[in-house]
Engineer: 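Could you have a look at this structure, given as structure tokens, before my questions?
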Amino acid sequence: MDWKKFLFGNFDYEKTGQDGRSQTFINIKGGLLPSILVWGGLIGLVLYLIFR
């Protein structure tokens with residue numbers, strides 16, 4: 001198991017251009033640490049707004 005991809009997620013970017021048929025693909029998959037930070041931020045904001 002690749003721990004760096006597990007913790008931080010994936011970010012894939014493909015680009016084809018200058019030939020008239022350009023393709024752009026962006027693939028973002030969240031990892032464990034970004035998920036914890038987002039949920040922690042939301043819970044912290046809700047608790048701050050309730051108990052201020």
Side-chain angles (χ1 to χ4, degrees):
M1 175 178 245
D2 191 6
W3 289 103
K4 189 175 182 181
K5 286 186 179 181
F6 176 71
L7 291 177
F8 299 109
N10 261 345
F11 179 78
D12 298 327
Y13 174 78
E14 296 181 15
K15 179 182 176 184
T16 304
Q18 301 299 327
D19 61 350
R21 299 185 79 180
S22 63
Q23 297 177 349
T24 303
F25 299 105
I26 297 175
N27 186 9
I28 299 172
K29 296 179 184 176
L32 183 64
L33 287 180
S35 298
I36 290 173
L37 290 175
V38 168
W39 282 107
L42 288 174
I43 291 171
L45 179 65
V46 168
L47 290 176
Y48 169 76
L49 291 174
I50 290 174
F51 293 114
R52 64 178 169 140

Engineer: In the single-linkage hydrophobic clustering (I, L, V, M, F, W, Y; side-chain heavy atoms under 4.5 Å), do F51 and V46 co-cluster?
Structural biologist: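 The answer is yes; both residues are in one hydrophobic cluster.
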
Engineer: Working to the nearest 0.5 Å, report the span between CG of L45 and CD1 of I50.
Structural biologist: 10.0 Å

Engineer: Holding to side chain to side chain contact (heavy atoms under 4.5 Å, CB included), I want the full list of residues that pass it with I43, two or more places apart in sequence or in another chain.
Structural biologist: L47

